[in-house]
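One structure below.
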Protein chains: 2
Amino acid sequence: MYITTIMETAYDKQLLSVIRRLIISLRVFQTESKFCEDLTFTQYSILSYVARTGSLEMSALHTLLSVEKSTTTRLVDPLVKMGYLKKTQSAHDSRAVELHLTGRGKAVFKNVQDCISDFMVDMGNSIPENKREDVIQSLEIFIRSMDRCCNPGECCKKQ
Amino acid sequence: MYITTIMETAYDKQLLSVIRRLIISLRVFQTESKFCEDLTFTQYSILSYVARTGSLEMSALHTLLSVEKSTTTRLVDPLVKMGYLKKTQSAHDSRAVELHLTGRGKAVFKNVQDCISDFMVDMGNSIPENKREDVIQSLEIFIRSMDRCCNPGECCKKQ
DNA sequence: CCATTATGGTTGTAATATACAACCATAATG
DNA sequence: CATTATGGTTGTATATTACAACCATAATGG
């Protein structure tokens, strides 16, 4: 009983420490790094979502990225300016905007994709082969538990 | 052989997807959320590093946080202004600044700690008990592999 | 069929996190 | 003692993001 308590405390500390280090390590994907073709990770993600579906509405995109619609506009903007994405009016809702890859967009996306893919392979390779399944699965669990417990207004804000 | 290739590709995709979702889920800790006592997660971390060591130099802190020294100054600043931290000159190096918790700082830290601790317990609880060890371990592996493969100037920037 | 409400998107404004460069003071080195 | 290195701050700039206000169009419900 006593031991359980101690171990639970230790576990919480580990969790906290892991979260801190995760945030630091994941920083590579957020600010600093223009990957290749001068795109950020998020911009690459946007291209990849559009590529995957052929044509994507802004509203779908802001759901995928989990950001405000205004932020979506601002993230997409440079991609349009650089000529990688094209905006067209949706057929069934004249308010909605559809995103498409341009010819150049496709080419650039292919490049970045290779680049990111190299990265992922590298990363995958530095995880011992027999652990890979576990790692992914654990990450899934971790993410789910974070999402479950961090509903806005709940925990930590209850006070 | 063929199957292996396919599975490796799938694995990379999973990794990519997991990274994206991690970034989104961890956002709670970064911008939005003032936890309690109007502190951000990073500010809480700073208090906790100082509390742990009793007195901490700025240079040690920017190593712990993995940020530029100028950023450290700016993160610490509000905590000093709010009267939670005190800066003193180091005894053995008159250039160096030591951080200490004030009385108020200690009280506030205690509060936030309880708050964060609740959060961690919640989070821990939403991970099935028999998976907890695995999750932590996998996260450790994941972090290590990210740090190993993302050295600045390496992968993705090679081109 | 029109009035109200909801939705999709953009723009204005602001906060935060962060880096890099320039700088000052003090230490360390040779 | 001259040069170089280190600890910290301040100036400046960029990216990410939110919220609020707004416009246009859609949907709903008397």
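Order of the sequence lines fixes the chain letters, A, B, ..., with proteins taken first and strands second; residue numbering starts at 1 for each chain.
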Please state how far atom [atom1] in [X] lies from atom [atom2] in [N], giving the value in whole angstrom units.
X: B/Leu65; N: C/dA19; atom1: CG; atom2: P; answer: 10 Å
X: B/Leu26; N: D/dT17; atom1: CG; atom2: P; answer: 13 Å
X: B/Glu98; N: C/dT26; atom1: CD; atom2: P; answer: 17 Å
X: A/Gln30; N: D/dT17; atom1: CD; atom2: C1'; answer: 12 Å
X: B/His92; N: C/dT26; atom1: NE2; atom2: P; answer: 17 Å
X: B/Ile46; N: C/dT16; atom1: CD1; atom2: P; answer: 14 Å
X: B/Glu68; N: C/dA19; atom1: CD; atom2: P; answer: 6 Å
X: A/Leu99; N: C/dT10; atom1: CG; atom2: P; answer: 9 Å

Legend entry - Pair assignment for DNA chain C - dot-bracket with | for other-strand partners, Watson-Crick or G-U under 3.5 Å: ||||||||||||||||||||||||||||||

Inset, instruction - Return the set of residues passing salt bridge (Lys or Arg N to Asp or Glu O under 4.0 Å) with A/Lys131 (not counting sequence neighbours), or none when no residue passes. - result: none

Legend entry - Counterpart residues, salt bridge (Lys or Arg N to Asp or Glu O under 4.0 Å), relative to B/Arg20 (two or more places apart): none

Please tabulate, for the side chains in residues 54-75 of chain B, all donor-acceptor contacts under 3.5 angstrom to protein atoms that are two or more places apart in sequence or on a different chain.
from: B/Thr63; atom 1: OG1; to: B/Ser59; atom 2: O; distance (Å): 3.0
from: B/Thr72; atom 1: OG1; to: B/Glu68; atom 2: O; distance (Å): 3.1
from: B/Thr73; atom 1: OG1; to: B/Lys69; atom 2: O; distance (Å): 3.3

Legend entry - Residues forming a side chain to side chain donor-acceptor pair (under 3.5 Å) with B/Glu140, sequence neighbours excluded: A/Arg21

Legend entry - side chain to side chain donor-acceptor pair (under 3.5 Å) partners of B/Thr88, counting only residues at least two apart: B/His100

Inset, instruction - May I have all residue pairs that pass salt bridge (charged side-chain N to carboxylate O under 4.0 Å, His left out) and include part of residues 78-90 of chain A, sequence neighbours excluded? - result: A/Asp77-A/Lys81

Could you work out, with side chain to side chain contact (heavy atoms under 4.5 Å, CB included) as the rule, every residue matching [X], not counting sequence neighbours?
X: B/Ser94; answer: B/Gln89
X: A/Lys106; answer: A/Leu101
X: B/Asp93; answer: B/Ser90, B/Arg95, B/Ala96

Inset, instruction - Give, ordered by number, those residues of residues 73-90 of chain A having at least one heavy-atom distance below 4.0 Å to an atom of DNA chain C; if nothing qualifies, reply none. - result: A/Thr73, A/Arg74, A/Lys87

Inset, instruction - List the steps and the verdict of side-chain contact (heavy atoms from CB on, under 4.5 Å) for A/Phe119 and A/Phe41. - result: CA-CA 12 Å; A/Phe119 179 95; A/Phe41 184 69; over 6 Å; no

Legend entry - Nucleotide of C/dA27, C/dA17, D/dT9 approaching B/Ser94 most closely (side-chain heavy atoms): C/dA27

Inset, instruction - For each nucleotide in nucleotides 1-8 of chain C, reading 5' to 3', give B when a protein heavy atom comes within less than 4.0 Å of its base, S when such contact involves only the sugar-phosphate, and - otherwise. - result: -----BBB

Inset, instruction - Please tell me if the side chains of B/Leu79 and B/Leu39 come closer than 4.5 Å, counting only heavy atoms from C-beta onward. - result: yes

Legend entry - Under-4.0 Å side-chain N/O to phosphate OP1/OP2 contact, A/Ser70 with D/dA18: no

